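Step one of this worksheet: look at the structure below.
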Amino acid sequence: QVHLVESGGGLVQAGGSLRLSCAASGRTFSMYAMGWFRQAPGKEREFVAAISRSGSSTYYADSVKGRFTISRTNAKNSVYLQMNTLKPEDTAVYFCAADYVGFSSGSYYSSVEGQYDYWGQGTQVTVSS
């Protein structure tokens, strides 16, 4: 069982930056690939970024590539999402999620929502124009 808690959301002007954090409980954080998803009002939840359990591989949605950076610190059971050059269309609730991969390849990640086993409650990000 993994409990995920996101933080770092807030209100920011277009062009600004925010850094989201996700703290995970448990002693097996390094056995999980991690992802960030978001859900805007009236829209389906969508993939944002993913990182392998080792941190060696990352993957981004086209809409955030070059602006967002996902990273993790396994010693702190944490994953982060640095968001730069924010746009009003980035406004959404942001969720972190954990995908149990055990001792599998350190380069594996997934962009598929259904692949993830645990989800946080989300943190609101609002970008004003």
Side-chain angles (χ1 to χ4, degrees):
Q1 188 79 13
V2 174
H3 184 57
L4 303 172
V5 179
E6 302 95 338
S7 62
L11 174 64
V12 64
Q13 287 189 329
S17 299
L18 280 175
R19 187 190 193 216
L20 305 184
S21 298
C22 175
S25 63
R27 296 176 292 178
T28 58
F29 182 69
S30 63
M31 294 186 185
Y32 290 84
M34 300 297 294
W36 285 96
F37 291 76
R38 67 186 181 186
Q39 187 168 22
K43 294 189 176 181
E44 299 276 321
R45 188 156 57 184
E46 65 175 3
F47 168 76
V48 175
I51 189 167
S52 62
R53 69 179 186 92
S54 68
S56 63
S57 297
T58 57
Y59 181 66
Y60 299 91
D62 287 344
S63 59
V64 307
K65 201 174 296 182
R67 299 188 298 122
F68 290 12
T69 302
I70 188 171
S71 62
R72 66 188 294 163
T73 303
N74 286 347
K76 295 185 177 180
N77 280 15
S78 293
V79 63
Y80 310 97
L81 187 69
Q82 177 66 44
M83 305 186 296
N84 298 329
T85 319
L86 283 160
K87 304 175 181 180
E89 51 263 43
D90 294 317
T91 295
V93 177
Y94 283 71
F95 300 89
C96 74
D99 173 13
Y100 180 76
V101 298
F103 292 104
S104 65
S105 169
S107 62
Y108 168 85
Y109 54 76
S110 176
S111 61
V112 178
E113 182 176 341
Q115 192 65 38
Y116 287 80
D117 304 295
Y118 301 101
W119 293 81
Q121 292 297 308
T123 185
Q124 176 71 47
V125 171
T126 303
V127 184
S128 63
S129 57

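Keep in mind it's a predicted model, so treat the numbers as computed, not measured.
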Find the distance between CD (Q13) and CG (L86) and round it off to the nearest 0.5 Å.
11.5 Å

Pairwise side chain to side chain donor-acceptor pair (under 3.5 Å) hits with a residue in residues 119-129, at least two apart
Q124-T126

Heavy-atom neighbours of K43 NZ exceed 12 at 6.0 Å
no

So which heavy atom on Q82 is nearest to which on S17, and how close?
NE2-CB, 4.0 Å

Measure the spacing between CE of M34 and CG of N77 and express it to the nearest 0.5 Å.
9.5 Å

Among all residues two or more places apart in sequence or in another chain, which pass the salt bridge (Lys or Arg N to Asp or Glu O under 4.0 Å) test with R19?
none

OH (Y80) and CH2 (W36) are apart, to the nearest 0.5 Å, by 10.5 Å

For the backbone of S52 and the side chain of S57, can you confirm whether one donor and one acceptor N or O come within less than 3.5 Å of each other?
no

Answer yes if L18 and V93 sit in the same cluster of Ile, Leu, Val, Met, Phe, Trp and Tyr residues linked by side chain heavy atoms under 4.5 Å apart, and no otherwise.
no

Got more than 12 heavy atoms from elsewhere within 6.0 Å of OH, Y118?
yes

Is there a donor-acceptor contact under 3.5 Å from the side chain of N74 to the main chain of R53?
yes

For residues V112 and Y108: do they belong to one hydrophobic cluster (side chain heavy atoms under 4.5 Å, members Ile, Leu, Val, Met, Phe, Trp, Tyr)?
no

Find out if a path of hydrophobic residues (ILVMFWY) with successive side-chain heavy-atom gaps under 4.5 Å connects V79 to M83.
yes

Within-4.5 Å side-chain heavy-atom neighbours: L20 and F95:
no

Under 3.5 Å, side chain of R72 to main-chain N/O of G55, donor-acceptor pair present?
no

Please report the shortest heavy-atom distance between S63 and R38, naming the atom on each side.
OG-NH2, 3.5 Å

Is there a side-chain contact (heavy atoms from CB on, under 4.5 Å) between F29 and V2 once you walk through the steps?
CA-CA 8 Å; F29 182 69; V2 174; 5.8 Å; no

Between V48 and L4, is there shared hydrophobic-cluster membership here, with clusters defined by ILVMFWY side-chain heavy atoms closer than 4.5 Å?
yes

Taken to the nearest 0.5 Å, the spacing of Y59 OH from S107 OG works out to 14.5 Å

Closest non-hydrogen contact found for A49 with L81 is CB-CD1, 4.2 Å

How far apart are the closest heavy atoms of Y116 and A50, and which atoms are they?
OH-CB, 3.7 Å

Before you tell me yes or no, could you show the steps for D62 and K65 under salt bridge (charged side-chain N to carboxylate O under 4.0 Å, His left out), namely the whole-Å CA-CA distance, both residues' side-chain angles and the distance that decides it to 0.1 Å?
CA-CA 5 Å; D62 287 344; K65 201 174 296 182; 3.1 Å; yes

Nearest-0.5 Å distance, OH of residue Y100 to CE of residue M31:
5.0 Å

Does V12 share a hydrophobic cluster with V64, counting links as ILVMFWY side-chain heavy atoms below 4.5 Å and allowing steps through other members?
yes

On a heavy-atom basis, which atom in F47 and which in Y60 lie closest, and how many Å separate them?
CE2-C, 3.9 Å

Return yes if some donor-acceptor pair links the side-chain N/O of S78 with the main-chain N/O of K76 below 3.5 Å, else return no.
yes

Nearest-0.5 Å distance, CD1 of residue I51 to SG of residue C96:
12.5 Å

